[in-house]
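Provided herewith is a single structure, encoded as structure tokens, for subsequent inquiry.
In this text the structure is predicted, and so the values were computed from the model without any measurement. Throughout, a chain's letter reflects where its sequence line sits, starting with A, and its residues are numbered from 1.
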Amino acid sequence: MNDKVMLMKGNEALAMAAIRYGADGYFGYPITPQSEVLEKLEEEMPWETTGMVVLQAESEVAAINMVYAGASCGKAVFTSTSSPGFSLMQEGMSYMCASEVPALVINVMRGGPGLGTIHPSQADYFQACKGGGHGDYHPIVLAPASVQEMADFVALGWDLAFKYRCVSLILADGLIGQMMEKVVLPEQRPRRTEEEIRRQCPWAVMGREGMRPKNIITSLELDDDKMEANNHRFQATYREIEKNEVRCELVDTDDCDYLMVAFGSMARIGMKVMEMAREEGIKVGLVRPITLWPFPGKQIAQVAQHVKGILVPELAAGQLIEDVKLAVECKVPVAHFDRLGGNVPSPEEVLNSLKEQLVKA
Amino acid sequence: MKAEIIIAGFGGQGVLSMGKILAYSGLMEDKEVTWLPSYGPEQRGGTANVTVILSDERISSPTLDAYDMAVVLNQQSLDKFESKVKPGGVLIYDSYGINTPPTRTDIRICRIDATEATIEMNNSKTFNMIVLGAMLKVNTMVTIDSVLKALKKTLPERHHHLIPLNEEALKKGATLIKD
Amino acid sequence: MTENNIINPENRVYKRPSLLNEAHMHYCPGCSHGVVHKLVAEVIEELGLQEKAIGVSPVGCSVFAYNYIDIDWLEAAHGRATAMATAVKRLMPDKAVFTYQGDGDFAAIGTCESIHACNRGESIVIIFINNAIYGMTGGQMAPTTLLGQKTATCPYGRRADLNGYPLSITPLLAQLDGTRYVTRQSVHTPANVRKTKAAIKKAFLNSMEGKGTSVVEVVSTCNTGWKLTPEKANKWMEENMFAKYPLGDLKDNDAKKD
């Protein structure tokens, strides 16, 4: 057996991958179903080994502002939460995007609205992808579908955040967070030294060493023309991200008659649906968006050219489906399937829905 | 090789950790594994279940509606999961507290007296290893050796002296399966 | 003596601190902010912390503090300055980290963050300007507005039954195990300015020694919001504000025991 292969929960993999990345700090507040992130970090005591800061904040509001501050210092900092907590963090998301600081935020979604349930959901898709706070902004949204991806997307999220000076959001759900699978963690990287951060992030607030000109991180610009110019700069970055960073997985799409578009845990269930459908002679393929923003619309449109219909199964009442319909410009029938409020469908339910809505029709 | 298993019972019965040891045993044999718990907010005393999948190939859905093997440890779980066993599959249930036994004829049904066996062993903590022993007797999805390796890997060093007791419990569990 | 002799360095008795730049301040004439800004700049310079100081400015009149004092700055969302300062200090313990907040920012919308940063004993400096009104947004009621005091949102005077009582927050903070030094000062006379400067200096030294949280409340005027001349505002402060917010140290763990 490979010694590097470990078995752990998705939430634990997030914590371990962050330590291995050389993270500088975590600030968070407990909420089910992602509390294992903070629990694992406290158990690992990385402040004794890598020097990473771990702090249980007084609220999600405080936590996201601690992340905002740490990111403004050029540090690799992150937080994790679940849906109600993510709502509280929207102000901070907007400020971080407006200040162009690189941060990593994780939302392990649960059933809403309101306090809702503690079980898996994908109903924060709009909030994540369309900008849940005020103003025109986008985080890069990564949707892991396995424990391995939970680990891998920590490094990917931070690398992209530092590359574009933007916020990366890992949008998982209670199923991916609570599930245990095999995972290989990345090698331990040293935390960047203050000197390295100064070189990599000359804009960072770290004190005026050598009496260099002062650095100010702010989202405030009362001059409308200057604020418009700021917005144009943000949008230019977003166009660049759209050009370079679209990621998706295509599964058996070459010969498929029907297509499913699903992400995260629904994509895993979708893969089982495909196996079952193909046993019955129905050729189903799957496009799994890995980045929900930027959205793999072109890839979906391309596959859509040769299919009879598309099913969008999601743990939300019709959110992802809007982007799919836009991508295929309604040239193909697009059907929807959902389970809501924390319920997860069986593969059979989804297959029946596909047959009912697309194959029979 | 692929085994799709659900283990269900009361919270606090060791359902989740039994699943965890099974998953770890799969890991010892380089299998693909998923372990997915499902429990309400009532983590103590309420029902809890865990889906474990062991496979030689990439696992698609970690959540299922039909199982090769269901292991049920109370009446509610029996009522819920008897119908979810695939035709030709196996249902193992602990007889303790069961008023309405299973009735399906298209699956193999194994009644085990695991609670009684636990009392005989004079150690309530051996219960889940006894059940696991029975499971592995019915379906050798992993070897006893792998289970022992998994225990060694997951138990803290100070509990390693309990491994022989666990081995005994696994063997005892195997004897509960009557052909 | 010629003019040139007078401006010789050796004859100079007062100068602008080097960190306080020449940008034209947006504060109203008579406002206390300018004085406190100068004290902060002086203390940072005198302690040699120019390269280590990081300020967190609030939402409120002092939102643009970063334009006037030449150090590195973060501009917080409304009320979140102490949460931000917490992260900065934890990530870089060798830095001199302070927040500069008004009463609305610190004691209304940010109360939760204020109390918890103090309770954790974060080794940060909190400069808290209490002028009993929301100056920036045009003179609305603050948590510290006195009973009977008129503002845009209590135009007939603050009433306890309608608006609740004025919040005296620093005595609350002094009770917390995490605070090292909690003091209440003013800057309306030269003597008080000197005392406030000494308090700010002690607070920065505490921060650099990792001793816990230091809070310097500065009871201040807002002559524009109060609709008084600067002089009358000072008098009104002495007669009314000091009764509710008396000056002096509320807690000093390092005070010499007699």
Side-chain angles (χ1 to χ4, degrees), chain A residues 23-27 47 51-77 79 89-96 98-99 101 103 133 191 194 197 203-222, chain C residues 18-19 21 26 44-45 48-60 63-97 99 109-120 122 124 136:
Chain A
D24 296 302
Y26 172 90
F27 305 90
W47 53 90
M52 175 185 173
V53 170
V54 181
L55 180 63
Q56 178 170 337
E58 61 269 37
S59 68
E60 286 92 349
V61 173
I64 195 75
N65 283 284
M66 289 170 180
V67 169
Y68 180 19
S72 302
C73 301
K75 301 279 182 174
V77 288
T79 188
M89 292 184 177
Q90 292 313 307
E91 178 193 49
M93 293 288 289
S94 170
Y95 279 60
M96 287 195 288
S99 304
V101 293
R191 285 174 53 236
E194 217 165 278
I197 295 175
W203 45 266
V205 163
M206 307 183 80
R208 292 179 62 193
E209 203 186 57
M211 289 315 278
R212 61 143 169 75
K214 66 180 167 185
N215 283 340
I216 299 166
I217 296 289
T218 179
S219 62
L220 180 68
E221 179 47 74
L222 290 179
Chain C
S18 65
L19 294 175
N21 61 39
H26 70 289
I44 292 171
E45 185 179 343
L49 296 172
Q50 297 92 323
E51 299 183 38
K52 290 189 181 297
I54 296 174
V56 185
S57 64
V59 172
V63 64
F64 286 124
Y66 55 72
N67 283 338
Y68 309 128
I69 303 176
D70 287 338
I71 54 168
D72 274 9
W73 283 92
L74 298 174
E75 157 53 26
H78 198 17
R80 316 296 166 226
T82 51
M84 292 190 91
T86 293
V88 176
K89 185 69 178 176
R90 291 228 175 189
L91 289 161
M92 297 183 287
D94 65 318
K95 300 294 186 277
V97 183
T99 70
I109 193 167
T111 313
C112 179
E113 286 79 3
S114 303
I115 287 178
H116 282 282
C118 289
N119 192 51
R120 285 190 302 265
E122 304 295 345
I124 57 172
M136 186 204 213

- How many angstroms lie between CD in Q50(C) and CZ in R208(A), if you round to the nearest 0.5 Å?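 One gets 8.5 Å once the value is rounded to the nearest 0.5 Å.
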- Task: Hey, could you give me the NZ/SG distance between K95(C) and C73(A), rounded to the nearest 0.5 Å?
- Result: 9.0 Å
- Message: Taking every non-hydrogen pair under 4.5 Å, which of A204(A), G210(A), S219(A), P213(A) racks up the most with chain C?
- Response: G210(A)
- Message: For D72(C), is there any backbone N or O sitting under 3.5 Å from a side-chain donor or acceptor partner on N215(A)?
- Response: no
- Message: Taking side chain as everything from C-beta outward and backbone as N, CA, C, O, which of these in L19(C) sits under 4.5 Å from a heavy atom of chain A? Side chain, backbone, both or neither.
- Response: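 The side chain, not the backbone.
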- Message: How long is the straight-line distance from CZ of R80(C) back to CE of M66(A), given to the nearest 0.5 Å?
- Response: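 Going from the CE atom of M66(A) to the CZ atom of R80(C) covers 11.0 Å.
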- Task: Just give me the residue among I64(A), V53(A), D24(A), L222(A) that pairs up with chain C most often, heavy atom to heavy atom, under 4.5 Å.
- Result: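 It is V53(A).
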- Residue L220(A) versus chain C: region with a heavy atom under 4.5 Å: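 Both parts, backbone and side chain.
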- Item | L74(C): which of I217(A), I216(A), V101(A) passes side chain to side chain contact (heavy atoms under 4.5 Å, CB included) | I217(A)
- Item | Residue pair A83(C) / N65(A): nearest heavy atoms and the distance that separates them |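 Closest approach of A83(C) to N65(A), heavy atoms only: CB-CB, 4.3 Å.
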- For the side chain of R90(C) and the backbone of G70(A), is there at least one donor-acceptor N/O pair under 3.5 Å apart?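 Judged by distance alone, no pair lies under 3.5 Å.
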- Message: Report which part of F27(A) has an atom under 4.5 Å of a heavy atom belonging to chain C: side chain, backbone, both, or neither.
- Response: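 It is the side chain, since no backbone atom gets that close.
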- Query: Just how far is it from atom NE2 of H116(C) to atom OG of S59(A), taken to the nearest 0.5 Å?
  - Reply: 8.0 Å
- Could you tell me whether a side-chain N or O of K75(A) sits under 3.5 Å from a main-chain N or O of M92(C), the two making a donor and an acceptor?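 Between the backbone of M92(C) and the side chain of K75(A) there is no qualifying donor-acceptor contact (under 3.5 Å).
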- Task: Find the distance between CG (L91(C)) and CZ (R191(A)) and round it off to the nearest 0.5 Å.
- Result: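 Going from CG on L91(C) over to CZ on R191(A), the span is 8.0 Å.
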- Item | Under 4.5 Å from any heavy atom of chain C - which part of M52(A) |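 No part of it gets close to chain C.
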- Evaluate side chain to side chain contact (heavy atoms under 4.5 Å, CB included) for R120(C) paired with L55(A), printing each intermediate quantity in order. CA-CA 10 Å; R120(C) 285 190 302 265; L55(A) 180 63; 4.0 Å; yes
- Message: Just verifying a value: how many Å separate Y95(A) OH and E75(C) CD, rounded to the nearest 0.5 Å?
- Response: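 Spacing of OH (Y95(A)) from CD (E75(C)) equals 8.0 Å.
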- Residue part contacting chain C, namely of E91(A), when any heavy atom lies under 4.5 Å: side chain
- Query: Given that the side chain runs from C-beta out, which part of A77(C) has a heavy atom under 4.5 Å from chain A: side chain, backbone, both or neither?
  - Reply: both
- Less than 4.5 Å apart, any side-chain heavy atom of K214(A) and any of I69(C)? no
